[in-house]
Structure formats: structure tokens, C-alpha cells
There are 2 protein chains.
Amino acid sequence: MFNYASRFDFPYPEVMEALSTRAIGRAAVRDELARIALPRFFEDGFESVTFDDLAAAAGVSRSTFLRHFGSKEDVVLYVFDPLGDAISGVLASRPTDEDEWVSLRRAVDPVVELLTRDPGAGLALISLVWKTPALWSRLHEKQGSWRPAIADLLAERAGADAAPILVLRTRAMAALGCLMVAFDSWVMGEGSDDLAALTDTTFGSLAPADSTT
Amino acid sequence: MFNYASRFDFPYPEVMEALSTRAIGRAAVRDELARIALPRFFEDGFESVTFDDLAAAAGVSRSTFLRHFGSKEDVVLYVFDPLGDAISGVLASRPTDEDEWVSLRRAVDPVVELLTRDPGAGLALISLVWKTPALWSRLHEKQGSWRPAIADLLAERAGADAAPILVLRTRAMAALGCLMVAFDSWVMGEGSDDLAALTDTTFGSLAPADSTT
DNA sequence: CCTATGGTGATACTCAGTTTCAGTTACGCA
DNA sequence: TGCGTAACTGAAACTGAGTATCACCATAGG
């Protein structure tokens, strides 16, 4: 099953911050609730599972479950939460003189790695997301929230002669979009393709252009 | 106020199809209901307006309002419905030997044109969408649904030596994404920038690349 | 002119998500 | 070690989205 202790074994420790005792406990409970909930969604479909079902399965009250996750979508997409910071972290660590588009491709590796680590589980998750419009939307919303930090990092590393921020925001959008299109293909091929290779292909379809037309 | 009779004065008549008498009436009612509903959303915010409010404002029952629009989001995003076909229509009409990226930029003109036609109304709409996560998500979902047709048209016009469909899907994503990033900037600048110019800039930030790396 | 189709409003229902409140646990500090 | 407070919990009631059903009415189209 999908690994939910993402906060504890996530391979990019620099994105973790100091947590109070209670915050650690809280995160652990969230992990546990999500771990219990996911199979229910996989088996019955996102819409068919109610908060009552989830609470019963987890042995807590509906109130408690709702307090840990503000919405059903949050339960499923919980695993994506740390990826924004992970992407930024990798991007910040790339050499300044590396080609921008290559750095962006590398920045997205944590996502590919997380979904590929457990064969089957990652695909099951993305398949669920892709067959459920509400989840697809919310994932894209989350992805959109990662953009500003990425664009800012691109500006920072380019220094004085950086392209306008609008240009950099566009490239951040494109990079994350390439990842999403790769997911799309991965789901359509039912996992028969290699996600990293698909991502290479989508990134290879585009390139930054000089905006001084 | 925003022009809601989009089905009747939309400047790309080729995308219109023959409608039965009842279907015409139905579309007219939808136009009217949306026209009445929009100002409510602008004034009170998307979440604060209930279906009861909308039904009362329109002088119909809640049932009837809900029968015409499956969700509140649909009411606001109704105006975007014909744009997928409009984009495809323009793309299909572009010369086959025109640069692919240029054709995609032109294909998106109907959207820019529609939002720019009435100064203020288009900006108000996009601002509402941008400040309401549920609307932002649903617009992106709708935009995502336009992609396959665009990619297919790109394949068709390139003929035998077309790039793999995954590459074309990526470029369709990028083109629509450029439009969204332009919206983003337009909203942030509160309409002080020219939407068409912003769109030119975002499109100018990227270029198709040879995927045979 | 008749009828079958489709639009309408009323009602009742499920479920997501919010709010409130009272009872309990356990963290951090003295 | 004990205490006070802050946070966690569950119960209950509430709002509002969205679905389903039904009986009624208007009219398109033959």
C-alpha cells in the first residue's frame, strides 16, 4: 500500500521543519487516517465513500476525522502536500549555471520518485485522481500554488539578467504542466510506460524561448 | 454587464449547430438565468450566494434553477462553454504550413476577444474566478477538457510526419496554460495591462522543441 | 385539435462541511 | 510531582449543495 509516513521518511529532509510534540502527534494521526481511508476510496470510488464510512473505518468520530481533513479531497491529496517544498528544495540546490529547463526537469524528480517507489500504489493513486474530476481539479489547484515559489527561485538564480517574472511564471506553469501531462499518459497506458521516461518526453516537447521578440 | 447571449452573437458561427425549438428556448433561459445570477456573485462573493438567492432573483424555483445548471460553478463558467469549440475552430482554419506555436497563439484569440469586448465585465469575471478556488479549479478542468481536440488537430495538420501525440498534448497544455498565466497577470494588475499583450508575452516565453533528444 | 414530450415547482432526501459545547487528555511548567 | 491550561475529542444541531420523485401544466408538432 502507498506509503503515508511521508513526513518521516521523505528523502528530502531539508524541507522538514522543527515540530512541537503535539504537531508531530497530529501529523502522525493524519498519516494514519489517510492510510486507512485510501483503500476505501480505491475500492468503492471517491464519491461513494462518506465521512461516516471513513470515521467508522478509522475508529474515530466523524467530527474528529473532519477536524484532521477539511474535505474529502484533502484526504486523498494529502500525500502531495510536501511536494511543493520538495520541488523548490531541489530547484534551489541545482547549479546556477545549469540550463533552466534542465533544472526544472530535475526539480520534478521528487514527485516521479514518490509515485514510482511503490509499484502499483502510485499508479492507483493517480488513477483515482484522474477518474475523479473533483480530485483532478484540486490537484491542479495545489500544483498551481507551487508556481510562485518556483518562479521566484528562477528569478533568484538568474540574478540581474533574469527574464521578466511573467516569463518565469509561464515556465513554471509549463514545467508542472509537463508533469501533469506525463501523469495523464501514465494513467492512459495503465502504468505500462515508465513515468520518468514519459516526463522526459513531455519536457522534451517544449523549451524556454527568448521573450524579446 | 457581461454579454450572455454568447450563443447568438458569438463571432465564430461555424461552431453553432442546428437546434430544436425547445433547445433554443432552453439555451435562452440559461442565458437569462446566468445574466441575472452573475451580478449577485460579483457583489456578494461566490460562496455567499445560495441557489435560493439565485432562484429568488430570477423569479423561478430552486428546482428549475438547478435543472439548468448542475452546480453553482456552472453558472459562472457557463460563458466559457463554447470556447473549446471556438479554439478548435480557429485552429482548424489556420494555414497548414503556419508555425505550430503561432497557430496555437491565434487559436486562443476568441477567448481574449470575448473577455476584452466589454471592458470591465471580462475582468470582473476573471477576478471572481481567480479569487474563488472552486471556480479556478473548475475553469482549469474545463480547459483541460479542450486539450484532446487541440492535440488531435495538431496531429491532423502535421500529417504523416507529426510528432507523437504525447508531444502534441503537451503543447496543447502549454498553449492553454499560457492563456491562464496571462489571465493571472491580468487579474494581478487589475486590468491595467492589455490582455492580448500579456498573452503574447506568455506565448513568447516558450517554444515547441524537437522531442527527438 | 389532441397528445406526448418536456418544463416546472414542491417536497423530501443524502451528504459535505461548519459551529458550538461539554468532557477529557496530556503538555509544559513550577 | 502536581497543577492549570491548551488542545483533542465526540455529540448534536445546523446550513446549503446536489439528487430524486411526483403531480401539474404548457406547447410543439402531427
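Sequence lines set the chain letters: A, B, ... in the order given, protein chains first and strands last, and positions in each chain run from 1.
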Sugar-phosphate only, base, or nothing, as touched by B:Thr50 at under 4.0 Å among non-hydrogen atoms: sugar-phosphate

Sugar-phosphate, base or nothing in reach of B:Val60, heavy atoms under 4.0 Å: sugar-phosphate

Sidechain-backbone polar pair: B:Thr64 side chain, B:Val60 backbone, donor-acceptor under 3.5 Å: no

Between [atom2] on [N] and [atom1] on [X], what's the gap in Å once rounded to a whole number?
X: B:Phe51; N: C:dT11; atom1: CZ; atom2: C1'; value: 18 Å
X: A:Phe46; N: C:dA16; atom1: CZ; atom2: C1'; value: 10 Å
X: B:Asp44; N: D:dG16; atom1: CG; atom2: P; value: 13 Å
X: A:Arg138; N: C:dG17; atom1: CZ; atom2: P; value: 8 Å
X: B:Leu54; N: D:dG18; atom1: CG; atom2: C1'; value: 14 Å
X: B:Arg30; N: C:dG7; atom1: CZ; atom2: C1'; value: 14 Å
X: B:Ile24; N: C:dG7; atom1: CD1; atom2: P; value: 13 Å
X: A:Phe65; N: C:dA16; atom1: CZ; atom2: C1'; value: 13 Å

Looking only at the side chain of [X] (C-beta and beyond, no hydrogens), which of the listed nucleotides [options] gets closest?
X: B:Arg22; options: C:dA10, C:dA16, D:dA28; result: D:dA28
X: B:Thr21; options: D:dA28, D:dA17, D:dA11; result: D:dA28
X: B:Arg67; options: C:dG17, C:dT8, D:dG18; result: C:dT8
X: B:Leu66; options: C:dA16, C:dG9, D:dT19; result: D:dT19

Would you say [X] places a side-chain N or O within less than 4.0 Å of OP1 or OP2 belonging to [N]?
X: B:His68; N: C:dG7; answer: no
X: B:Ser61; N: C:dG9; answer: yes
X: B:Thr64; N: C:dG9; answer: yes

Please check if any side-chain donor atom of [X] sits under 3.5 Å from a side-chain acceptor atom of [Y], or the reverse.
X: A:Thr50; Y: A:Asp53; answer: yes
X: B:Asp193; Y: B:Trp186; answer: no
X: A:Ser103; Y: A:Arg157; answer: yes

Atom CD of B:Glu43 with >12 non-hydrogen neighbours under 6.0 angstrom: yes

Residue whose closest nucleotide on DNA chain C lies nearer the 5' end, B:Val29 versus B:Arg62: B:Val29

First encountered from the 5' end of DNA chain C, between A:Lys72 and B:Gly59: B:Gly59

